[in-house]
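Worksheet: one structure, shown below.
Note that the structure is predicted; figures quoted are calculated from it, not measured. Lettering follows sequence order; numbering is per chain, from 1.
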Amino acid sequence: MNEKNTTNEETKSPSNFIRTFIEEDLKAGQYKKVHTRFPPEPNGYLHIGHAKSICLNFGLAESYNAVCNLRFDDTNPSKEEDEYVRSIKEDVKWLGFDWGETEFYASDYFDQLHAYAIQLIKAGKAYVEDLNAEEIREYRGTLTKPGKNSPYRDRSVEENLELFEKMTRGEFDEGSKVLRAKIDMSSPNLNMRDPVMYRILKVHHHRTGDKWKIYPMYDWAHGQSDSIEGISHSICTLEFEDHRPLYNWFVEQLGIHHPRQIEFARLNLSYTVMSKRKLLKLVQDKFVTGWDDPRMPTIAGLRRRGYTPEAIRNFSDGVGVAKANSLVDIAQLYASLREDLNKRALRVMAVLDPIKVVIENYPEGQTEELEAVNNPEDESAGKRTVPFSREIYIERNDFMEDAPRKYFRLAPGKEVRLKHAYYITCTDVIKDENGKIIELRCSYDPATRGGWSDDGRKVKGTLHWVSIEHAYNAEVRLYDHLFTEPEPDKGEIEECLNPDSLKVITAKTEPSLKDAQAGMYFQFLRQGYFFVDSVDSKPGAPIFNKTVGLRDSWAKKNG
RNA sequence: UGGGUCAUGGCCAAGCGGUUAAGGCACCGGGUUUUGGUCUCGGCAUCCUAGGUUCGAAUCCUAGUGCCCCAGCCA
């Protein structure tokens, strides 16, 4: 296969239409160098959808040996907070991207924007509007009916200048006036029907304080900010496609550097929601414990759950960039996660749902330290030792009294291997008065120490186990999808919240886990990946978050 | 009955007039395996519909159909 077809040679990044555009623009000399930006509004935490945008913008910059700015779109002080800029910077950094010196704020440009506005007023391209919000809406017309001109549309330049000056000084009440661009009230594109550029907002701004009484709207601030920063390609999501003519109009009227806006489809993931509004609701209504709840699709939540930056970046590259609305199967995220965790997680043994096993022919009071590899995928991870004794726990579902033929775990009379330890055979099943199995009796073969037999005997099943005497009781948090519907956005999210999205259990783990440090990645053998919770763990009392289960073809087949 | 997009296998997504129509996920089957994990091998589409142009069309044209977005002084 010709690699050129699918890959940008320098970068090995997958081909997509944005890269194609950039190549064309570069070739045509439209732009001499590439310069991108990631422009979050600091009104919420970043989520996996933002991660895709971050990977795209910073990834493009890496490919073209260019810079990607981090710019906070802080034009609406009534919704924005410093707490969010803090978290956004942390998340971008954690994902592994470095914006160096180029950390900007739209509010850095408020003075320049104001000067630009005066320029437009002087050119007769903007005017002060006295109509209120409702009237403006009425005058705007509808999707199928053209709007009509405001009675204030033809004020003189002098009057507009004076009124705008007064707006700026705070002489008018909020809502009483706005500055509008004078474009075309009959345009089929509603964005071109004299869009609002400035509104009066007597609100404290997290950076400019009380200096401003008027704040620019997105359309007025964004393109000009791009222009000021010398952005070549301004990448945003599909819903801004209709704004592109306006974006272009402003920079053309102003006669300033003209970036190219390119839109792509935002990421949708099954069994979760991506809208900031809905995520905020989950937080405010306490459906989750916070923005960093491990069930949240926020970067902070994923990080706490045990995702790695590599997994998220790999996922972002994997889903691609296009203009078609799509819903990515959450399984694809899990696949990227497992791929990375498989390489780095230390293998340990933990029994989540224990059943007691007594090995009758093993000497009472004896303990052996058995050697165990930490990661078969990574020899440098080394080895450790695990205590073995007469009484152990195994997983409840690793035993079946009436086992089907293909079941190769423990059953009466059957022999299995205890990982790193011995072969055992089940000799007896002990039940309580209700018939519930409470204990298993087994015998072991002393000749199989380490889990090997030299007589060529075949043992199909291998179980994990924990010595009862040495077990650490660990709090383990098992997570599942937050929603029961693949597309919770289709209806009201409250109606499909998954009541079982969190289950807290006490697991029996091998003793070494008592000293697990926050931030360590583990694989509980045969079960899944677990991550030491960074918030609630205490020294000597780590709490484990289930990041994702191992692929389980047995469970899949047998429900 | 306005405007702007999009449409390739179950889910993403390459493809830009000549390819056996990439790749990943999922799924199915074989092998390896002290994790029913990993790894490995193999299987899995004729491109929304209908016409047309062409020696040749997923790629061009025409007409349909369907999805999404837009009527904030939000971004």
Side-chain angles (χ1 to χ4, degrees), chain A residues 1-3 5-7 14-16 20 39-41 43 73 75-76 78-79 129 132-133 136-137 140-147 174-180 187-193 196-201 214-215 217-219 221-222 236-245 263 265 270 276-277 314-315 317-336 338-339 342-343 347 349 372-373 376-377 406-409 417-421 450-452 459-464 523-528 549-558:
Chain A
M1 188 75 241
N2 183 351
E3 208 180 329
N5 284 342
T6 54
T7 305
S15 164
N16 63 53
T20 304
E41 182 190 12
N43 70 342
D73 225 331
T75 56
N76 187 354
S78 55
K79 289 180 11 189
E129 172 66 274
N132 65 34
I136 288 179
R137 192 185 334 120
R140 184 154 35 224
T142 69
L143 294 179
T144 50
K145 277 192 290 262
E174 284 190 15
S176 65
K177 285 184 170 45
V178 292
L179 183 73
R180 292 231 252 172
S187 171
N189 180 348
L190 304 223
N191 293 115
M192 300 300 272
R193 321 242 261 228
V196 172
M197 296 165 65
Y198 276 103
R199 75 288 214 184
I200 299 169
L201 240 37
I214 59 171
Y215 290 93
M217 298 287 290
Y218 167 85
D219 285 306
H222 198 89
C236 62
T237 43
L238 250 31
E239 66 270 27
F240 292 103
E241 218 154 14
D242 286 342
H243 294 241
R244 193 169 65 229
E263 313 85 11
S270 60
K276 273 199 224 174
R277 207 198 93 241
N314 177 275
F315 168 75
D317 290 344
V319 296
V321 181
K323 297 194 72 161
N325 289 313
S326 58
L327 178 69
V328 176
D329 190 338
I330 188 90
Q332 189 147 355
L333 215 209
Y334 295 156
S336 292
R338 292 192 188 103
E339 183 185 345
N342 178 51
K343 289 179 293 192
R347 271 62 170 177
M349 295 194 287
V373 294
E377 306 291 319
K406 299 280 278 183
Y407 184 85
F408 45 80
R409 276 113 99 144
R417 168 169 42 236
L418 293 178
K419 180 85 177 174
H420 309 305
W452 287 108
V459 175
K460 189 75 173 151
T462 301
L463 311 187
H464 60 278
Q523 183 196 103
F524 288 2
L525 230 48
R526 304 205 303 135
Q527 306 198 94
L550 250 31
R551 198 174 266 113
D552 188 346
S553 54
W554 170 253
K556 203 167 278 171
K557 228 180 227 168
N558 298 274

Might you point out which heavy atoms bring I330(A) and S270(A) nearest each other, and give the distance in Å?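 Answer, listing the atom of I330(A) first, then S270(A): N-OG, 2.9 Å.
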
Nearest heavy-atom pair of P245(A) and D242(A): which atoms, and what distance?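 Looks like CD-O, 3.4 Å.
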
Which nucleotide, if any, forms a Watson-Crick or G-U wobble pair with G64(B), using both distances under 3.5 Å?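 C48(B) - that is the nucleotide pairing with G64(B), both distances being under 3.5 Å.
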
U32(B) pairs with, by Watson-Crick or G-U criteria that keep both distances under 3.5 Å: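 Pairing partner, where one exists within any strand: none, as none qualifies.
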
Nearest to the side chain of [X], heavy atoms from C-beta on, is which of [options]?
X       : options                : answer
D242(A) : C70(B), C6(B), C12(B)  : C70(B)
A322(A) : A75(B), G2(B), A13(B)  : A13(B)
T142(A) : A71(B), C73(B), C70(B) : A71(B)
A324(A) : C69(B), A7(B), G2(B)   : A7(B)
A331(A) : C12(B), A26(B), G2(B)  : A26(B)
S15(A)  : A71(B), A14(B), G2(B)  : A14(B)

Determine the contact category for [X]: base if any of its heavy atoms lies under 4.0 Å from a base atom, sugar-phosphate if only primed atoms, P, OP1 or OP2 are that close, otherwise nothing.
X       : value
F240(A) : base
N132(A) : base
H420(A) : base
K419(A) : base
I200(A) : nothing
V373(A) : nothing
D73(A)  : sugar-phosphate
A133(A) : base
H243(A) : base
V328(A) : sugar-phosphate
L238(A) : nothing
R140(A) : sugar-phosphate

Looking at [X], does any N or O in its side chain come under 4.0 Å of the phosphate oxygens OP1/OP2 on [N]?
X       : N      : answer
R193(A) : C70(B) : no
S326(A) : A13(B) : yes
T75(A)  : A75(B) : yes
R199(A) : A75(B) : yes

Please name all residues satisfying salt bridge (charged side-chain N to carboxylate O under 4.0 Å, His left out) with E239(A), sequence neighbours left out, ordered by chain then number.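 By the salt bridge (charged side-chain N to carboxylate O under 4.0 Å, His left out) rule, E239(A) matches R266(A).
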
If you measure from the [atom1] atom in [N] to the same atom in [M], how many Å do you get, rounded?
N      : M      : atom1 : answer
A58(B) : G37(B) : P     : 40 Å
A14(B) : G51(B) : C1'   : 28 Å
C67(B) : C6(B)  : C1'   : 8 Å

Straight-line distance of T462(A) OG1 to L525(A) CG, nearest 0.5 Å: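 The OG1 atom of T462(A) sits 9.5 Å away from the CG atom of L525(A).
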
Distance, rounded to the nearest Å, where D317(A) contributes CG and A14(B) contributes P: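 Going from D317(A) (CG) to A14(B) (P), I get 13 Å.
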
Gap between atoms CZ and P, on F315(A) and C12(B) respectively (whole Å):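 Distance check: F315(A) CZ to C12(B) P gives 11 Å.
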
Quick one: the side chain of N189(A) and the base of G4(B), do they pair up donor-acceptor inside 3.5 Å?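 Check fails, no donor-acceptor contact within cut-off.
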
Each nucleotide in nucleotides 36-46 of chain B should get exactly one letter: B, S or -. Can you fill that in based on protein heavy atoms under 4.0 Å? BBS--------

Hey, is G72(B) sitting syn or anti, using the within-90° cutoff around 0?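 Here G72(B) takes the syn form, which means its glycosidic angle is within 90° of 0.
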
